[in-house]
Participant: 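This is the structure, below, for whatever I ask next.
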2 protein chains.
Amino acid sequence: MPRTVLDRSDAVLALAGVFRRRGFESGSLSVIQRETGIGRGSLYHFFPNGKADMARAVLTLVRAWFDEQVFEPLRTATDAGQAATAMSQEVHKYFDSRERVCLFAAMTLGEEQEAFAAEVHAYFADWVGVLAETLERGGVAKPNAAGLAVDAVAAIQGGLIMTRALDDDAVFSGIVARVNERLLAALR
Amino acid sequence: MPRTVLDRSDAVLALAGVFRRRGFESGSLSVIQRETGIGRGSLYHFFPNGKADMARAVLTLVRAWFDEQVFEPLRTATDAGQAATAMSQEVHKYFDSRERVCLFAAMTLGEEQEAFAAEVHAYFADWVGVLAETLERGGVAKPNAAGLAVDAVAAIQGGLIMTRALDDDAVFSGIVARVNERLLAALR
DNA sequence: GTCTATAAAGCGATAGAC
DNA sequence: GTCTATCGCTTTATAGAC
């Protein structure tokens, strides 16, 4: 019997996959155990408070990735147009390789809503915030920048829904490309 | 003991509310019974195949509403600009009074995904399709119209996510208003 | 058409051996 | 750190009286 020993971060990574594929509620411990090969014992060793801890850990991982790869580059960018294009590319790559599911968006539905409202709010508010500031530094007027930023993030999130619904990866690619075009046009 | 007798359509309406508030999976029979006052017996009388039947009935109701209030007006419109504005208004009113949740979008996540893939695909494909045709009749070039239509529906869906996440109704209103502006600008 | 009781299965969580 | 067995509860679904 192969007894694989792993650490918490391996578990978090595996959990993210399960939650993306099955949803948070349907991702039962039996399913998690089956699909990740991690037993109940290990799971409760890493996450003493059970599923709530698991969800929180996964959201923290996603949040950290966006902080590093998306938010921070936007914050420190000198060229707003280049920064916008980089964001589009990173976001496209990210969701393309992760079942086209945003776990923060998934948390705006159903039971979990209240439990993670603060984290979900912060994720989207920060994303819109740093993007709007980048656009302002690029010369876009403040109220305009705010609307443009909300629209861009909303388009990406809606794009994920549409690409899953229509079962067509090109839908998401097209939407992200046009989001980038609109951002560049506003900066011109 | 008040024994209220109702028909299936009353039940469907009540179920739609529960599923929007709690999500499809968390909307357990106990919750449904408590929040709608409809007992197990009645529920299985109306929906012999249980929750799957309930979900299908609710999606059918939503679909019928959109056919009547959104798709058909677009199909028969003579003025594309007026039609686009009417769509924006109807959609805004609809989701504003229904917990800002699109049940078809919710079905692109988790377990139910495969079970309702066909209905979900049809809903979004038809919406995008009729909107694109309306734009073409209004003088927008074909490939342009297609992109514009996908972007509009995606923006609305993303707008619902953002307005729930940021817990701010104005976010959705703003996004719908700007969607309408972009459609009108393309028709100009 | 509605009710209650109940069956059968699955859930999250815990305990204790290793 | 991992495993298995098990507890207590809730779930969907059914049966049968009214």
Side-chain angles (χ1 to χ4, degrees), chain A residues 1-59 61 103 106-107 109-116, chain B residues 1-19 21-59 103 106-107 109-116:
Chain A
M1 189 81 177
R3 220 182 87 112
T4 318
V5 175
L6 19 80
D7 60 13
R8 207 184 113 111
S9 67
D10 293 324
V12 177
L13 223 51
L15 283 168
V18 175
F19 290 153
R20 269 188 275 259
R21 282 189 301 277
R22 328 274 306 211
F24 178 67
E25 316 202 38
S26 320
S28 69
L29 293 196
S30 324
V31 170
I32 292 170
Q33 184 160 11
R34 184 169 0 105
E35 295 194 6
T36 66
I38 307 171
R40 271 171 156 63
S42 306
L43 248 12
Y44 278 90
H45 172 72
F46 291 131
F47 310 100
N49 288 325
K51 281 191 86 179
D53 274 3
M54 300 179 205
R56 178 149 275 117
V58 169
L59 289 184
L61 175 73
L103 287 169
M107 291 294 179
L109 250 15
E111 298 262 79
E112 320 82 301
Q113 210 175 342
E114 305 100 64
F116 298 105
Chain B
M1 188 77 175
R3 218 182 89 112
T4 317
V5 175
L6 19 80
D7 59 12
R8 206 183 114 112
S9 67
D10 293 324
V12 177
L13 222 52
L15 283 169
V18 176
F19 289 153
R21 283 189 300 278
R22 326 276 304 214
F24 178 67
E25 318 201 38
S26 322
S28 69
L29 294 196
S30 324
V31 170
I32 293 169
Q33 185 160 10
R34 185 171 358 107
E35 295 195 4
T36 67
I38 306 172
R40 272 172 154 61
S42 307
L43 249 12
Y44 277 91
H45 173 72
F46 291 131
F47 311 100
N49 289 325
K51 281 191 86 178
D53 274 3
M54 300 178 204
R56 178 150 276 117
V58 169
L59 289 184
L103 287 170
M107 292 294 177
L109 249 16
E111 299 262 80
E112 320 83 304
Q113 209 174 345
E114 305 99 66
F116 297 105

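To find a chain, count down the sequence lines: A is the first, B the second, and so on, and within it residues start at 1. Both backbone and side-chain heavy atoms feed into the values below; hydrogens, waters and symmetry mates do not.
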Participant: Without decimals, in angstroms, what is the distance between B:Asn49 CG and D:dT12 P?
Facilitator: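 From B:Asn49 CG to D:dT12 P: 15 Å.
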
Participant: Using side-chain contact (heavy atoms from CB on, under 4.5 Å) as the criterion, list what pairs up with B:Glu35, not counting sequence neighbours.
Facilitator: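 With neighbours one apart ignored, the set is B:Val18, B:Arg21, B:Arg22, B:Val31.
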
Participant: To the nearest Å, how far apart are A:Leu43 CG and D:dC3 C1'?
Facilitator: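 Atom-to-atom, A:Leu43 to D:dC3, this comes out as 13 Å.
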
Participant: In whole angstrom, give the distance that lies between atom NZ of B:Lys51 and atom C1' of D:dT14.
Facilitator: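 Between C1' of D:dT14 and NZ of B:Lys51: 17 Å.
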
Participant: A side-chain contact here means heavy atoms from C-beta on lying under 4.5 Å apart; do B:Leu103 and B:Leu59 qualify?
Facilitator: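 Yes - at least one pair of side-chain heavy atoms lies under 4.5 Å apart.
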
Participant: Measure CZ/A:Arg40 against P/C:dA13 and give the value in whole Å, please.
Facilitator: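 Computing the A:Arg40:CZ to C:dA13:P distance gives 10 Å.
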
Participant: Measuring only between side-chain heavy atoms, which start at C-beta, is A:Glu112 closer than 4.5 Å to A:Glu25?
Facilitator: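 Touching, per the 4.5 Å side-chain cut-off.
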
Participant: Please examine the side chains of A:Phe24 and A:Glu111, heavy atoms only from C-beta on, and report whether any two atoms are closer than 4.5 Å.
Facilitator: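 A side-chain contact under 4.5 Å is absent here.
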
Participant: Measure from CZ on A:Phe47 to C1' on C:dG12 and round the result to the nearest Å.
Facilitator: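 Rounded to whole Å, this separation is 15 Å.
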
Participant: What is the separation between atom OH on B:Tyr44 and atom P on D:dG16, rounded to the nearest whole Å?
Facilitator: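 Atom-to-atom, B:Tyr44 to D:dG16, this comes out as 17 Å.
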
Participant: Under 4.0 Å: is that the gap between some side-chain N or O of A:His45 and OP1 or OP2 of D:dG1?
Facilitator: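 Affirmative; the distance criterion is met.
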
Participant: What I'd like to find out is whether the side chain of B:Asp7 reaches to under 4.5 Å of the side chain of B:Asp10, using heavy atoms alone.
Facilitator: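 B:Asp7 vs B:Asp10: side chains touch.
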
Participant: Can you list, in residue-number order, the parts of residues 15-38 of chain A that come under 4.0 Å of DNA chain D, counting heavy atoms only?
Facilitator: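 Within this stretch, nothing sits under 4.0 Å of the strand.
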
Participant: Under a 4.5 Å cut-off applied to non-hydrogen side-chain atoms, are A:Leu15 and A:Phe47 in contact?
Facilitator: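 Yes - at least one pair of side-chain heavy atoms lies under 4.5 Å apart.
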
